[in-house]
Amino acid sequence: MIKVSVVGAKGRMGSHVVDAVNGAQDMELALTLDAGDDLHAITPENTDVVVEFTVPSVTLDNVLTLIGQGVDVVVGTTGWTEDRLEQVRQALAAAPRADQAVFIAPNFAISAVLADYFAKLAAPYFESAEVVELHHPNKVDAPSGTAIHTAQGIAAARQAAGLAPVPDNTETDGGSRGQVVDGIHVHAVRLRGLNAHEEVLMGNAGEQLTIRADSFDRISFMPGVLLAVRKLAEGSHAGLTVGLDRFLDL
Ligand SMILES: NC(=O)C1=CN([C@@H]2O[C@H](COP(=O)(O)OP(=O)(O)OC[C@H]3O[C@@H](n4cnc5c(N)ncnc54)[C@H](O)[C@@H]3O)[C@@H](O)[C@H]2O)C=CC1
Ligand SMILES: O=C(O)C1=N[C@H](C(=O)O)C[C@H](O)C1
């Protein structure tokens, strides 16, 4: 049995993870912690893998503490920059166990992972590309971690293909053109009734490709979370891994 602890267990995602772990025949729920709890309670004796869904402002500190505790960590929280990822790599290099692992996924839903993948495939063939993400209004960060990741992937694919910057003759902008991530405009919508959605728009003269992923319910993230827990428990993914696509045969 894989012993799984959940950090952020009272949150929207954390509470779903608790239910998913309780429903998995090969896992047993160890500790469930939330804001104010001491993460040092989590040790290799009671936990194989920790699942961390908290808030962007605390996730790095949580992950560094958990690495120091000698346990593997699956992270779904957003807010990861290259600088923060590097801090995780360095902490893992000095971790108590040589084969210790941290896995971070911008998105655990297969629809979103595939949309991201398809966007990278399509990117070299279109002059224009923009990303629109749409979420529930309780979300604290904008744009979404997934949209940032998608925009970065599109930008890298365009650069590798030698494409020019996206065409844009905007002269006045009060913010309507969105946040620019590596040259790709990203727009965020917050609307009651929505959960997590992303649309990638690509255009050429006279044509448009739309790639859209809709996560209507947080249960859509759970197969991906459980897959990541199982992969880390296998012990063959030491170090830092980013993106669920790394665990799929794409
Ligand atoms: N990777 C993915 O597939 C997904 C990622 N997310 C991301 O997961 C994160 C959490 O989202 P939600 O569950 O909707 O948020 P939420 O606000 O419902 O839950 C966050 C939980 O973390 C707890 N928390 C805050 N500070 C803490 C600390 N220092 N230690 C332990 N717990 C602490 C809060 O009390 C709360 O219970 C966000 O960054 C969100 O963008 C959300 C959905 C899917
Ligand atoms: O806060 C959310 O809800 C979500 N957050 C993640 C993100 O910012 O990309 C994943 C998904 O979009 C849901």
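Computation of the quantities below employed the complete heavy-atom set of this structure, encompassing side-chain atoms and omitting hydrogens, waters and symmetry-equivalent molecules. Counting starts at 1 for both ligands and their atoms, following the listed order.
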Backbone or side chain, does any N or O of [X] fall under 3.5 Å from an N or O of ligand 1?
X: T78; value: yes
X: V55; value: no
X: F108; value: yes
X: G76; value: yes
X: V7; value: no

Measure the spacing between [atom1] of [X] and [atom2] of [Y] and express it to the nearest 0.5 Å.
X: T78; Y: F53; atom1: OG1; atom2: CZ; value: 10.0 Å
X: L85; Y: L240; atom1: CG; atom2: CG; value: 6.0 Å
X: H135; Y: L191; atom1: NE2; atom2: CG; value: 12.5 Å
X: S128; Y: M202; atom1: OG; atom2: CE; value: 10.5 Å
X: M27; Y: N22; atom1: CE; atom2: CG; value: 11.0 Å
X: T59; Y: W80; atom1: OG1; atom2: CH2; value: 4.5 Å

Identify, for [atom], the protein heavy atom at the shortest distance, and state residue, atom and that distance.
atom: atom 33 (C) of ligand 1; result: A35 N, 3.5 Å
atom: atom 15 (O) of ligand 1; result: R12 NH2, 3.5 Å
atom: atom 9 (O) of ligand 2; result: T146 OG1, 2.5 Å
atom: atom 34 (C) of ligand 1; result: D34 OD1, 3.3 Å
atom: atom 10 (C) of ligand 1; result: T54 O, 3.0 Å
atom: atom 30 (N) of ligand 1; result: N62 ND2, 3.6 Å
atom: atom 8 (O) of ligand 1; result: F53 CD2, 3.3 Å
atom: atom 19 (O) of ligand 1; result: G11 CA, 3.3 Å
atom: atom 13 (O) of ligand 1; result: M13 N, 2.8 Å

**Request:** Please confirm whether H136 comes under 4.0 Å of ligand 2, counting heavy atoms of the residue only.
**Result:**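 Yes, that is the case, since the closest heavy atom of the residue is under 4.0 Å from the ligand.
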
Using a heavy-atom cut-off of under 4.0 Å, does the side chain or the backbone of [X] touch ligand 1, or both, or neither?
X: L33; value: neither
X: V58; value: side chain
X: F221; value: side chain
X: V140; value: neither

**Request:** Taking only Lys NZ, Arg NE, NH1 and NH2, and the carboxylate oxygens of Asp or Glu, determine whether E199 and R212 approach each other closer than 4.0 Å.
**Result:**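 Salt bridge present between E199 and R212.
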
**Message:** Check this for me: does any side-chain nitrogen of one of E82 and R89 sit under 4.0 Å from a carboxylate oxygen of the other?
**Reply:**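 Salt bridge present between E82 and R89.
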
In ligand 1, which numbered atoms sit nearer than 4.0 Å to a non-hydrogen atom of [X]?
X: K139; result: 41 (O)
X: P106; result: 1 (N), 2 (C)
X: N107; result: 1 (N), 2 (C), 3 (O)
X: G8; result: 22 (O), 32 (N)

Short list, please: which atoms of ligand 2 are under 4.0 Å from a heavy atom of [X]?
X: N107; answer: 10 (C), 11 (C), 12 (O)
X: G145; answer: 7 (C), 8 (O), 9 (O)
X: T78; answer: 6 (C), 7 (C), 8 (O)
X: A196; answer: 11 (C), 12 (O), 13 (C)

Specify the closest pair of heavy atoms between [X] and [Y], including all atoms of both residues, with the distance to one decimal.
X: P106; Y: T146; value: O-OG1, 3.2 Å
X: L66; Y: I42; value: CD2-CD1, 3.8 Å
X: G183; Y: V166; value: O-CG2, 3.6 Å

Polar-atom distance check: [X] versus ligand 2, any N or O pair below 3.5 Å?
X: K139; answer: yes
X: F221; answer: no
X: H135; answer: yes

**Message:** Can you tell me which residue among R190, H197, R192 is in a side-chain contact (heavy atoms from CB on, under 4.5 Å) with L194?
**Reply:** H197

**Complete:** Checking T47, L33, T32 against S5 for side-chain contact (heavy atoms from CB on, under 4.5 Å), the one that qualifies is T47

**R97 atom CZ: more than 12 heavy-atom contacts under 6.0 Å** = yes

**Asked** Judged by modelled atom types alone, do H187 and E130 share a side-chain donor-acceptor pair under 3.5 Å?
**Response** yes

**Prompt:** Between the side chains of D83 and T81, is a donor N or O closer than 3.5 angstrom to an acceptor N or O?
**Reply:** no

**Message:** Residue-level breakdown please: for S144 versus ligand 2, do any non-hydrogen atoms fall below 4.0 Å on the side chain, on the backbone, on both, or on neither?
**Reply:** both

**Request:** With heavy atoms only and a cut-off of under 4.0 Å, state how P106 meets ligand 2: side chain, backbone, both or neither.
**Result:**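 Within the 4.0 Å criterion, P106 contacts ligand 2 through backbone atoms alone.
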
**Message:** Check for me, please, whether F118 and V131 land in the same ILVMFWY cluster - side-chain distances under 4.5 Å, paths through other members count.
**Reply:**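 F118 and V131: one cluster.
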
**Request:** Assess whether side-chain contact (heavy atoms from CB on, under 4.5 Å) is satisfied between R218 and M13, documenting all intermediate values.
**Result:** CA-CA 7 Å; R218 291 185 180 86; M13 285 299 292; 3.7 Å; yes

**Asked** Could you walk me through whether E52 and N62 pass the side chain to side chain donor-acceptor pair (under 3.5 Å) check?
**Response** CA-CA 8 Å; E52 205 268 8; N62 282 352; 2.9 Å; yes

**Asked** If you measure from each heavy atom of G145 to ligand 1, is any distance below 4.0 Å?
**Response**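 For ligand 1, residue contact (heavy atoms, under 4.0 Å) with G145 is absent.
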
